[in-house]
Amino acid sequence: MKILVLGQGAREHAIVKSLVRTGTPAASIVVAPGNAGIAQDVHCEPQLNPVDPIAIVRFATEHAFDLAIIGPEAPLVAGVSDALREAGIPVFGPSQQAAQLEGSKSFAKEVMAAAGVPTGMARECTTIEQVADAIDEFGAPYVVKADGLAAGKGVIVTSDREAALAHAEKFISMGVLVEEFLAGPEVSLFFLSDGRTVLPLSPAQDFKRAFDNDEGPNTGGMGAYSPLPWLPDNFVDEVEDTIALPTINELARLGAPFVGLLYCGLIVTERGIRVIEFNARFGDPETQVVLRRLLTPLENLLHKAAIGNLIEAPTPQFSKDAAITVVLASEGYPDTSAPNRRIHGLKKAAEDAHIEICHAATATAASVNFEDENPHALVATGGRVLSVVSMAKDFHAAREHAYDAMKKIELKGSHYRKDIALKVAKAEND
Ligand code: AMP
Ligand code: GLY
């Protein structure tokens with residue numbers, strides 16, 4: 001099967017590695033635009049713009065792809081999946097309309113209300129006065145969310161009333177949601193959906209804050225681990241029955257069937273499971289650990305979802321091993337951006353069989369006009385540079401391998417969290 005993957009991050013690199021690991025020949029995968037790391041594994045089309053529906057459809061039909069997998073949210077919101085579907089290409093990725101589940105937090109709240117899905121109380125605001133009233137109504141800590149895509153930076157959780165209002169000010173033109181604060185551990189649970197039925201993948205936990213001990217600003221995600229041994233046995237079934245299926249059914253009822261990956265961002269509160277957000281795509285960096293453990297052929301699962309036949313797909317099976325990923329970020333991330341800089345030591349880091357490196361913001365020196373004697377040398381070009389992914393028999397071992405590998409990677413000014421999966425590794429000894 002010829003597969004086109006759209007996107008350029010570590011998530012897309014993880015999707016490619018999982019496809020290949022579970023049986024897809026590397027030669028039948030093309031990634032647009034991809035990045036320097038993905039290009040070491042499969043063919044990339046760096047000039048192809050993933051949010052340009054006309055260019056993507058032209059390329060996909062010309063090369064007769066059997067399946068398109070859409071990684072990031074931007075092509076979904078730009079209607080690329082609709083355009084590909086109209087051209088007759090099976091797509092794993094929801095329509096523009098169904099992707100509003102991620103693109104508009106107020107739409108997501110309406111769907112959840114209609115479907116009876118448990119979520120936090122929220123107020124939609126279009127003026128700062130409304131925001132002030134809402135945060136005073138709910139009390140501290142305050143949760144203020146931009147009502148649109150903001151690359152993981154649209155949410156603030158703070159007890160500082162001024163900071164909450166200042167954040168609202170930044171996003172008020174797109175609309176702002178003020179939400180009640182929910183306390184408890186967070187879980188990311190992915191479901192494959194063909195619009196009518198769903199299949200769960202294995203739960204993961206994301207580390208959203210920039211620094212150790214969950215300090216610092218929210219980011220796109222600084223690390224993750226899977227599985228979550230502390231969850232009750234019936235957790236996945238409960239989320240499927242009370243959250244994923246009712247949501248999928250409600251979208252079908254609205255005439256916007258959801259074909260793709262339903263990402264349920266959950267908080268396990270004392271009063272039960274609550275949805276904090278939906279995304280319409282694989283999470284980054286959770287995908288790096290979830291797909292690292294997948295044993296079932298990914299190509300078959302995604303294709304069955306894309307053609308509306310998930311009912312005939314096998315139940316996804318996962319390794320019992322522990323997977324963790326640690327994100328290497330450039331100096332200043334997420335607040336400021338650093339200049340392009342050389343990365344050293346990646347080969348040495350990847351020599352360990354437990355380790356895989358998924359690239360996000362990397363490029364060859366020549367492609368970004370970076371002066372270096374070696375035109376193929378790798379350069380970091382953005383905030384989240386790469387994910388070190390490690391799998392081993394338990395979290396303690398997975399952490400050792402991950403951090404040993406990380407120590408071998410050199411990038412001036414870079415930083416990473418040292419406490420990914422630390423608590424769950426400590427609990428293994430109890
Ligand atoms: P979101 O982009 O909606 O996932 O929010 C980003 C992060 O903010 C989440 O992963 C949570 O850590 C935090 N967050 C969002 N909503 C709430 C809430 N209602 N209560 C507590 N924390 C929240
Ligand atoms: N890791 C959070 C996200 O993908 O949105």
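Order of appearance sets the numbers: ligands from 1, and atoms from 1 within every ligand. Note: hydrogens, waters and symmetry copies are ignored here, and every other heavy atom, side chains too, is used.
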Student: Given Glu179 and Tyr142, is the side-chain hydrogen bond (donor to acceptor under 3.5 Å, both in side chains) satisfied, shown in steps?
Tutor: CA-CA 7 Å; Glu179 200 169 276; Tyr142 310 111; over 6 Å; no
Student: For ligand 2, which atoms have a heavy atom of Asp206 less than 4.0 angstrom away?
Tutor: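 Answer for ligand 2: 1 (N), 2 (C).
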Student: For ligand 1, which atoms, with element, lie under 4.0 Å from some heavy atom of Asn218?
Tutor: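 This gives 7 (C), 8 (O) as the contact atoms.
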Student: Should Lys145 and Glu277 count as an ion pair when the cut-off is N to O under 4.0 Å?
Tutor: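 Salt bridge absent between Lys145 and Glu277.
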Student: Mark yes or no: Lys407 above the aromatic ring of Tyr403, with NZ or CZ under 6.0 Å from the six-membered ring centre and no more than 45 degrees from the axis.
Tutor: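 Negative - Lys407 is either too far from the ring of Tyr403 or too far off its axis.
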Student: Is any side-chain heavy atom of Leu251 closer than 4.5 Å to one of Arg253?
Tutor: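 Of all side-chain heavy-atom pairs linking Leu251 with Arg253, none is under 4.5 Å.
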Student: Give me the atom names and distance for the closest heavy-atom approach of Ser188 to Glu286.
Tutor: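 Nearest pair, atom of Ser188 first, then Glu286: OG-OE2, 2.6 Å.
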Student: Using a 3.5 Å cut-off on N or O atoms only, is Val143 in polar contact with ligand 1?
Tutor: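 No; every N/O pair is 3.5 Å or more apart.
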Student: Counting only heavy atoms, which portion of Tyr263 has something under 4.0 Å from ligand 2: side chain, backbone, both, or neither?
Tutor: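 Side chain only.
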Student: Between the side chains of Thr219 and Arg209, does any donor sit under 3.5 Å from an acceptor?
Tutor: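 Short answer, no.
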Student: Near Arg281, which atoms of ligand 2 are under 4.0 Å from a heavy atom of that residue?
Tutor: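 Here the atoms of ligand 2 in question are 3 (C), 4 (O), 5 (O).
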Student: Any N/O of Glu286 closer than 3.5 Å to an N/O of ligand 2?
Tutor: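 There is such a contact, yes.
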Student: Which ligand 2 atoms are under 4.0 Å away from a heavy-atom of Gly220?
Tutor: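 Under 4.0 Å from Gly220, ligand 2 has these atoms: 1 (N), 2 (C).
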Student: Give the numbers and elements of all ligand 1 atoms closer than 4.0 Å to a heavy atom of Phe181.
Tutor: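 Counting atoms of ligand 1 from 1, those under 4.0 Å from Phe181 are 20 (N), 21 (C).
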Student: Compute the minimum heavy-atom distance from Glu180 to ligand 1 and say whether it is under 4.0 Å.
Tutor: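 Yes, Glu180 has a heavy atom closer than 4.0 Å to ligand 1.
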Student: Report, in ascending order of atom number, the atoms of ligand 2 lying under 4.0 Å from any heavy atom of Gly283.
Tutor: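 The list of qualifying atoms is 4 (O).
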Student: Would you say the side chain of Ile248 lies within less than 4.5 Å of the side chain of Phe191, judging by non-hydrogen atoms?
Tutor: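 The answer is no; the side chains never approach within 4.5 Å.
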Student: Evaluating non-hydrogen atoms only, which member of Ile267, Ile156, Thr269, Val157 is closest to atom 14 (N) of ligand 1?
Tutor: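 Ranked by closest heavy atom to atom 14 (N) of ligand 1, first place is Val157.
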Student: Of the listed options (Lys208, Lys145, Glu179, Lys105), which comes nearest to atom 19 (N) of ligand 1 when hydrogens are ignored and any heavy atom counts?
Tutor: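 Among Lys208, Lys145, Glu179, Lys105, the closest heavy atom to atom 19 (N) of ligand 1 belongs to Glu179.
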Student: Is it true that Arg399 and Ser390 share a donor-acceptor pair across their side chains at a distance under 3.5 Å?
Tutor: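 Absent: no donor and acceptor within the cut-off.
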